[in-house]
2 protein chains.
Amino acid sequence: MTNKLSTQHKILDAAQSLFAETGFNDTSLRQITSQAEVNLASVNYHFGSKKELIQAVLQRYLVVLMPRLDQEFTRLLAAQQANNLSQVLSVFVKPLLELNKVHQNGTRIFLQLLGRGYTDVQGHLRWFFNHNYGRVLDKLVLLVQQACPDLPAGELFWRLHFSLGTVVFTMASNEALAEIAEADFNEKVDIEGVILRLLPYLSAAIAAPVSTVTPISHNAPLLAGEGR
Amino acid sequence: MTNKLSTQHKILDAAQSLFAETGFNDTSLRQITSQAEVNLASVNYHFGSKKELIQAVLQRYLVVLMPRLDQEFTRLLAAQQANNLSQVLSVFVKPLLELNKVHQNGTRIFLQLLGRGYTDVQGHLRWFFNHNYGRVLDKLVLLVQQACPDLPAGELFWRLHFSLGTVVFTMASNEALAEIAEADFNEKVDIEGVILRLLPYLSAAIAAPVSTVTPISHNAPLLAGEGR
DNA sequence: AGGTGTTTGAAATGTACGTTTGAATCACAA
DNA sequence: TTGTGATTCAAACGTACATTTCAAACACCT
């Protein structure tokens, strides 16, 4: 029964929380080592640099999540007939929630970190991610295309990025939102609640009817076929 | 015909671009004054502090946008019967695009700045915004509630924030996305094109059926009534 | 116990930041 | 032209940052 955590482990634990809350650039190594109760120099000793620490923090989750997602995508792609959109999006839920086994609140922390990776300017992170896991996401695009065969490729491109924005922004500002939600609606909302609320929202959004729109703005109605 | 721009104007112009691209905390006054070709001390002389500069940058757009939105919301609220969701969301288009009169690319820059206000940790901005413009957004919530009477208030809160994320993230990465879209799909997409693509996506998303979900994760299907 | 390679510690390095200072320069009315 | 308040300027202030250094402490094997 060893309660002793290694220095590296203590650094990673402190770093992930602070990075998720404050962002990568706005979290100093001094804050991290102070919260982790280790010496300032130990970050550079164990990880080399702050950049590499950021990657190590993310990698702890990615090495668990991405093979699981890849496996699920491959399973769905092998199905006899195309899966509908809800089925495709639903495969994210279990792998994401299993990140809570990696660390307490792992799911929330990972998704916040993912959001930070996009909103903070971290060129090395984008490269790191695409290089290691780009081919997994290609399978997702294929699955969504099969689920929405009537959606033009250009429209699908935009809608997937809209959806990425929804998820990333929600997670990056998760704390603030959850606080407001609890104060205003007496709803205790955990990360699982947010994910489950996202699914029907994204399903409906991605599969929305394509608008026949007047590209140059007039006083004409802007959308067609949209009456609720 | 005076081409001479005031120091304050030059500072605001340089600051808004840099803030939008790099975020508030990661943009230094030295970068701003260097790009504006003014003296470092002039920021503190004209605006007092970096915080107040950030607010001044946003205020240039907010004083134009918010009264326009308020006016539109009030008009819709006076209607005999409830407006549908597309009608409500459509009123954003013209006021947003008119920000291009405030400054070149004003619409994109403003929406990027708005996103930074949420993802960067800027407590003073949240207070500043809610204090000055909170009551305008209350009208929007009311309109959406009227358009979607079956949507519980808590669900609506989350979906409006999901939607804010969609818009803000899309604008933040707008340049990169537009380039890819043009290269891959031969589609020339400007900010107006993106906004018009967003409308049907957001309409469908906000009005999506509320999921009857199994709150604790089992192997049961996660969504109901969602077949495409 | 002694020796060796690993890890920790306190201190310092150099750089960048927001802000302040006080003199120099400007615009312009008297 | 002279005087005055507004603006600009170069320089400096104090603080915080990531990273480096090197001696001290530690762990572990023979």
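No hydrogens, no waters, no symmetry mates; every other heavy atom, side chains included, goes into these values.
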Within the side chain of B/Thr107, is there an N or O that forms a donor-acceptor pair under 3.5 Å with the backbone of B/Leu96? yes
Between C1' of D/dT20 and CZ of A/Phe47, the distance in whole Å: 18 Å
Identify each donor-acceptor pair in which a side-chain atom of residues 36-48 of chain B lies under 3.5 Å from a protein atom, sequence neighbours left out, and give them as a table.
residue : atom : partner : partner atom : Å
B/Asn39 : OD1  : B/Ala41 : N            : 2.9
B/Ser42 : OG   : B/Asn39 : O            : 2.4
B/His46 : ND1  : B/Gln8  : NE2          : 3.3

Separation of A/Glu37 atom CD from C/dG9 atom C1', in whole Å? 15 Å
Output all residues satisfying side-chain hydrogen bond (donor to acceptor under 3.5 Å, both in side chains) with B/Gln35, sequence neighbours left out; order by chain, then residue number. none
Using rotation axes that map the C1' atoms of four end pairs onto the next four (five pairs an end), what angle separates the end axes of the helix from C/dG3-D/dC28 to C/dA30-D/dT1, to 10°? 0°
Produce a footprint string for nucleotides 10-29 of chain C: one letter per nucleotide, 5' end first; B if the base is under 4.0 Å from any protein heavy atom, S if only the sugar-phosphate is, - if neither. B------BBBBB--------
Phosphate-side-chain proximity, A/His46 and C/dT6, N/O vs OP1/OP2 below 4.0 Å: no
Can you list everything that forms a side-chain hydrogen bond (donor to acceptor under 3.5 Å, both in side chains) with A/Ser34? Sequence neighbours excluded, please. none
Excluding sequence neighbours, so at least two apart, what forms side chain to side chain contact (heavy atoms under 4.5 Å, CB included) with B/Leu142? B/Leu77, B/Gln145, B/Gln146
Hits for side-chain hydrogen bond (donor to acceptor under 3.5 Å, both in side chains) against A/His103, two or more places apart or cross-chain, chain-then-number order -> A/Asp13, A/Gln16
Looking at D/dC9, I'd like to know if its phosphate oxygens (OP1 or OP2) sit under 4.0 Å from a side-chain N or O belonging to B/Ser42. no
Among all residues two or more places apart in sequence or in another chain, which pass the side chain to side chain contact (heavy atoms under 4.5 Å, CB included) test with B/Asp70? B/Thr74, B/Arg135, B/Val136, B/Lys139
Test of understanding: with side-chain hydrogen bond (donor to acceptor under 3.5 Å, both in side chains), list the residues that count as partners of B/Arg75, not counting sequence neighbours. B/Glu72
